[in-house]
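One structure is given here, and the rest of the page talks about it.
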Amino acid sequence: MTSLNPASHPRGCEFYTKTPATIFSPEQFVGDEALMIETAAAFTRNEVMPHLERVDRQEEGLMPDLIRQAGELGLCGVDTPEAYGGLGLSKTIAARILEFMSLNGSFSVTYGITSGISQVGLSMFGTEDQKHRYLPRLASGEWIGAYALSEPDSGSDALSATTRADLVGGKYILNGTKMWISNAKWADLFLVMAKVDGDKFSAFLVERSYPGVSIAREEHKMGLKGSSTARLVLENAEVPVQNLLHEVGKGHHVAFNALNIGRFKLASMSIGPARDAISIAAGYALDRKQFSQPIASFGLIQRKFAMMAAWFYAAESMIYRTGAVIDGAFERTEGTIEGNRVAAEEFAVECSACKVFATEAEGLIVDEALQVYGGYGFTEEFPIARHYRDARVSKIYEGTNEINRLFIGERILRQIRDGRISDKPAGDSFLSELAGKAVAFAPTDQIGIGALADLIILTYAEQSTRLRAAESKSHGDHLYRAILPWLNSKGAEAYQLLTGEGVSLPEIQRADLAEIAAAVYQKRGPLT
């Protein structure tokens, strides 16, 4: 929703967001940051990927040992402040490292939770005593963390949680059951949401060793078999009063702002497996022969690899654009609790947009990668089947994509009504024009709000990809032209769903899909 010249719209997609019209590209990482990324990639390829069968069996002690090894390399506290044992690096570099630590979904979830959402609420809202007690253990990999919000009857409607916390004799007594808790089997510390006095939603730091804390059996999941998912059971669990995190009745600040950053990081967790899926599928396509030639030479296979690379590039462009502005927001807070809250909320729309687009791009990529394998892809003998199973949950956890769509659409409409943002499109693209027109309909039903959210997400993806391509010296322009017809057609569909009006797609400059595919084959992976 801006021209290719950032100076022409210095506040970026002005009609719905304050994101500056500039792009931070992962190619800009140099020096120590680049070294940390290489360390993460080497660790995953050398210490995790050779042992996936053992990981999937949840071999006793293996996952905690891998987390400890990662912690020894500084990888479990990348953006944890240095004062508490971390490296104190930016959210942007943390996202890049997370991507390369996420080539396998099971390890990705375990690592991503303990290094991310289990720490971020504590980092933003904890007291000095709480941060000094717990963050060094988490950042070093000595302890594993978990985040406990969902309940059997409380998922997307998080504030309807029924877990209670009653102040009795100088301690909080917690009762309730938390469900779908990643890392439950291995976690030493749980960030738990419960209601004080029955209605004051609050956050607590709960150690596994506290009386009344227990873990139920492992869930039998379709994918992510190597990650732990179980219920956290609290039966008169005794929690010291000093382990209340933030303030009574303000647990939603902790929970939802941790989720905002968590959704941004989940986008990186999603393109990690997508990166590996493209890599292994490219190798297979070059080796597999039919009709006396590698299937990599067939036009429809080339199209698949071109689109996989384009979806990946667009998701990545959104992630690093968003990461840069989040880092800027946190730099302005001076570390205060209120400042951290504001910073985590400021770009919540962009975080949700990244989560939705990246998780759905992951699904598209692993589906096409499996198709490249043909019948072999449908067997467990080839590695793409694991990616296919693992990818499905990405669109469900840390806020379903449906909930994120409602959040995006409703928040934009509310900000327009409040006069905080303009309802006029600030860009010059086909999608930005559709989005600008769609806002005027001010939908109130979920289908309409979801369609508006799709237009906002697609506009943000188009603009982010276009801006990055304009600055790129490599394949950016080809990748932008490859994904543009897909983005435009999805946008037209959303606009028609919302308004019922006919939409004519604009002319485009066709991309050379064979050239993109050839570059993917040569690199054996996405073109970044």
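Every heavy atom of this structure was used, including side-chain atoms; hydrogens, water molecules and symmetry mates were not.
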Do the non-hydrogen side-chain atoms of H478 and Y313 ever get within less than 4.5 Å of each other? no
Return the CZ to CD1 distance between R405 and I457, rounded to the nearest 0.5 Å. 5.0 Å
Give the ring-plane orientation class for Y111 versus F107, where under 30° counts as parallel, over 60° as perpendicular and anything between as tilted. parallel
Within-4.5 Å side-chain heavy-atom neighbours: V48 and L103: no
Hey, does the side chain of R208 reach the backbone of A187 with a donor-acceptor pair shorter than 3.5 angstrom? yes
Gap between atom OH of Y397 and atom NZ of K355 - 0.5 Å precision: 8.5 Å
If the plane angle is over 60° it's perpendicular, under 30° parallel, otherwise tilted; pick one for F382 and Y376. tilted
Would you give me the side-chain donor-acceptor pairs under 3.5 Å for residues 62-73, sequence neighbours excluded?
unit_1, atom_1, unit_2, atom_2, d
D65, OD2, Q69, NE2, 2.9

What pairs meet the ring-ring contact (aromatic ring centres under 6.0 Å, His included) rule with one or both residues in residues 50-92, with sequence neighbours excluded? Y84-H132
So do the side chains of S102 and P273 get within less than 4.5 Å of each other, counting heavy atoms only? yes
Can you list every pair that meets ring-ring contact (aromatic ring centres under 6.0 Å, His included) and has a residue in residues 349-372, with sequence neighbours left out? none
Charged tip of K178 within 45° of F190 ring normal and under 6.0 Å: no
